[in-house]
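The sequence lines fix the lettering, A, B, ..., with proteins before strands; numbering per chain opens at 1.
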Amino acid sequence: MPELPEVESTARSLRPRLVGRRVRSVGGVDWPRMLPNTAEDELRAVLTGLAVSTVDRRGKYLLIGLEHDRWLAIHRKMSGNLLLRPAETAAEPHTHLEIGLDDGWLLRFVDARKFGRVYLFGSRGELDAFIAARLGPEPLTDLSAASLTTLLRGRHGRIKSLLLDQAFLAGVGNVYADEALWEARVHPLRAADSLSSREIARLALAIQHVLMLGIERRGTSFSTYRDADDSRGENQDHLSVYGREGQPCPRCGTRIRRIAIGMRAAHFCPHCQRASVRRPATSGTASRSGTARPGLA
DNA sequence: CCACGATCCTGCTAGC
DNA sequence: TGCTAGCAGGATCGTG
């Protein structure tokens, strides 16, 4: 999916186009499960006639605030896109929601894989409770070596898996986790609480750095990700390890390796990112440390 | 509380 | 060329 930089880019491009616009119509819902806490009828009844007051982001959620303290929280998950289109434009395949605006444009939610979700909240308080229940701190504003040290304390799991846990830290996904670990020279299988203070400091900075670069480049676009105006980002042309298995590490030239961690792929440089310590073996025998499993493909 | 595997969906592609 | 197994940027839930 879109990770923090992609959602931030979308929020920035939508903000000037949405704020001040009034909702004229709501429709096109063909997949009820995408509205976990509401339904098309309620969405229409609540939103129609309201003007958009804010467009923001928290973690990977896009937040749209409207008059009367109504809020939409949109998560695109793996394949969702938010597109702004003239109302007369034919709906693209996999359109699951259309919000018509008073300037003749439509905000469309298009999502081939149907993992994306749209939530409706009746107050900022409800939204905040929802967010608080599932998201950790914002990496760009609330992360430092000190706070990361505290967060990692007592966490025995793999650092890569922890970075993907949104309750631990909001907004980092598979691409930026791999990129940050590479920049910080930390092996993805390292036990989170085994990092030295020096490594923690590097990692905190690296997370912020790769996310900021991602935003500057308006996101990483692979096959499906598009911005609201259908444009692609350019960060995919600047990745150091993600998706670069077998290609040289930009820092030392060693071939990038790809392994499986849980059900996700992890890319790293075996020279720059040393495995060293691994977690204490779980009960069984199964996985050994260092020499990781064969990898996915 | 914590760590981890299974699961939800469809499209694309590598490999046979 | 045609089929299909496997993989995709996410997060939740159940289990141990």
Compute whether any side-chain donor of one residue and acceptor of the other, for A/Y61 and A/Q166, lie under 3.5 angstrom apart. no
So, A/R190 and A/S194: side-chain donor and acceptor under 3.5 Å apart, yes or no? yes
Has the side chain of A/R155 got a donor or acceptor that lies under 3.5 Å from a partner of the other kind on the base of B/dA3? no
Distance, rounded to the nearest Å, where [X] contributes [atom1] and [N] contributes [atom2]:
X: A/K60; N: C/dG10; atom1: NZ; atom2: P; value: 4 Å
X: A/I74; N: C/dA11; atom1: CD1; atom2: C1'; value: 17 Å
X: A/H156; N: C/dG16; atom1: NE2; atom2: C1'; value: 16 Å
X: A/L169; N: C/dG10; atom1: CG; atom2: P; value: 13 Å
X: A/E6; N: C/dA8; atom1: CD; atom2: C1'; value: 14 Å
X: A/D111; N: B/dG11; atom1: CG; atom2: P; value: 11 Å
X: A/R33; N: C/dT12; atom1: CZ; atom2: P; value: 14 Å
X: A/F168; N: C/dG10; atom1: CZ; atom2: P; value: 16 Å

Is [X] near enough to [N] that one of its side-chain N or O atoms lies under 4.0 angstrom from OP1 or OP2?
X: A/R264; N: C/dG10; answer: yes
X: A/H75; N: C/dA11; answer: yes
X: A/H94; N: B/dG11; answer: yes

Taking atom P in both C/dG6 and B/dT7, what distance in whole Å separates the two? 15 Å
Selected nucleotide, minimal atom distance to [X] side chain, candidates [options]:
X: A/K114; options: B/dA6, B/dT10, C/dG10; answer: B/dT10
X: A/M263; options: B/dG11, B/dC9, B/dT7; answer: B/dT7
X: A/R113; options: B/dT10, B/dC4, C/dG10; answer: B/dT10

A/D178 pairs by salt bridge (Lys or Arg N to Asp or Glu O under 4.0 Å) with which of A/R244, A/K160, A/R264, A/R258? A/K160
Annotated structure of DNA chain B as dot-bracket, pair cut-off 3.5 Å, Watson-Crick or G-U only, | for inter-strand, is .|||||||.|||||||
Sort and list the pairs that fulfil side-chain hydrogen bond (donor to acceptor under 3.5 Å, both in side chains) and have at least one residue in residues 207-216 of chain A, not counting sequence neighbours. A/E183-A/H209
Do we see A/F115 stacking on the base of C/dA11, given a limit of 5.5 Å between centres and 30° between planes? no
Residue that, paired with A/V172, satisfies side chain to side chain contact (heavy atoms under 4.5 Å, CB included) out of A/L162, A/I207, A/L143: A/I207
Would you call the rings of A/F121 and A/F130 parallel, tilted or perpendicular, where under 30° means parallel and over 60° means perpendicular? tilted
Pick the nucleotide of DNA chain C nearest each of A/R134 and A/N174; which residue has the one closer to the 5' end? A/N174
Can A/R85 and A/E98 be counted as an ion pair, charged N to O under 4.0 angstrom? no
Pair A/E245 + A/R257, salt bridge at N-O below 4.0 Å: no
